[in-house]
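Working notes, structure below.
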Amino acid sequence: MTFQCHVCGSQEAKQEFVQEVFQVNEKPVLVEHIPASVCRSCGEMVFSPETTEMIRKTLHGEAHPVRTMQMDVFNFGQFPEEVGVV
Ligand SMILES: [Zn+2]
């Protein structure tokens with residue numbers, strides 16, 4: 001399979017296991033150890049159709065989470081007052 005990054009057009013990718021947050025019923029869930037092609041140029045992650053299908057089955061099927069964690073959510077560019085002024 002020939003890789004071509006849909007963001008920057010680079011054809012060089014490395015195979016990596018990544019983690020990604022998905023929304024399921026408006027609830028964020030984290031999936032770890034997803035095999036992905038990662039663009040060497042810009043870092044864009046691309047999942048194969050098989051991988052995408054497997055993620056869908058995992059999230060909407062009978063699979064149970066292996067662990068639960070709390071997530072801190074940030075707004076981009078939002079700092080507390082005291083560090084906001086440099
Ligand atoms: Zn790229």
Side-chain angles (χ1 to χ4, degrees):
M1 185 179 94
T2 312
F3 174 85
Q4 181 157 25
C5 178
H6 65 97
V7 174
C8 72
S10 167
Q11 296 194 333
E12 283 195 58
K14 55 192 171 191
Q15 300 301 311
E16 277 190 7
F17 290 94
V18 301
Q19 58 183 27
E20 178 84 331
V21 175
F22 298 89
Q23 299 281 340
V24 180
N25 301 326
E26 297 182 7
K27 197 180 90 172
V29 298
L30 182 72
V31 181
E32 295 181 310
H33 307 124
I34 311 169
S37 298
V38 180
C39 177
R40 281 186 189 279
S41 177
C42 74
E44 176 72 6
M45 297 184 299
V46 179
F47 303 132
S48 71
E50 295 77 20
T51 300
T52 305
E53 176 64 9
M54 182 65 77
I55 293 169
R56 197 189 62 78
K57 278 185 184 164
T58 302
L59 295 181
H60 296 279
E62 298 294 306
H64 294 283
V66 287
R67 60 193 171 87
T68 301
M69 68 174 190
Q70 275 195 314
M71 256 197 290
D72 290 333
V73 181
F74 291 89
N75 250 344
F76 175 80
Q78 185 180 67
F79 302 104
E81 301 276 322
E82 57 268 29
V83 295
V85 182
V86 181

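Scope of the values below: all heavy atoms of this structure, side chains included, with no hydrogens, waters or symmetry mates. As the structure is a computational prediction, the values presented were derived from the model and not from experiment. First listed ligand is number 1; within each ligand, the first listed atom is number 1.
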For residues 4-26, tabulate all N or O donor-acceptor pairs below 3.5 Å that involve a side-chain atom, not counting sequence neighbours.
from, atom 1, to, atom 2, distance (Å)
Gln4, NE2, Gly9, O, 3.4
His6, NE2, Glu44, OE2, 2.9
Ser10, OG, Glu12, N, 3.1
Gln15, NE2, Ser37, OG, 3.0

### Query
More than 12 non-hydrogen atoms from neighbouring residues, nucleotides or ligands closer than 6.0 Å to NE2 on His60, yes or no?
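Enclosed: over 12 neighbouring heavy atoms sit under 6.0 Å from NE2 of His60.
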### Query
Residues in salt bridge (charged side-chain N to carboxylate O under 4.0 Å, His left out) with Lys27, at least two apart?
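Lys27: no salt bridge (charged side-chain N to carboxylate O under 4.0 Å, His left out) contacts found.
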### Task
Could I get the full list of salt bridge (charged side-chain N to carboxylate O under 4.0 Å, His left out) partners for Glu50, not counting sequence neighbours?
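Testing Glu50 for salt bridge (charged side-chain N to carboxylate O under 4.0 Å, His left out), a comparison that skips the adjacent residues, returns none.
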### Query
So which heavy atom on Pro35 is nearest to which on Phe47, and how close?
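So the minimum-distance heavy-atom pair works out to O-CD2, 3.8 Å.
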### Query
Are Ile34 and Val38 grouped together when hydrophobic residues (ILVMFWY) are joined by side-chain heavy atoms under 4.5 angstrom apart?
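Yes, Ile34 connects to Val38 through the hydrophobic network.
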### Task
Measure distances from the Zn ion (ligand 1) and count the protein N, O or S atoms below 2.8 Å.
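Counting protein N, O and S atoms closer than 2.8 Å to the Zn ion (ligand 1) gives 4.
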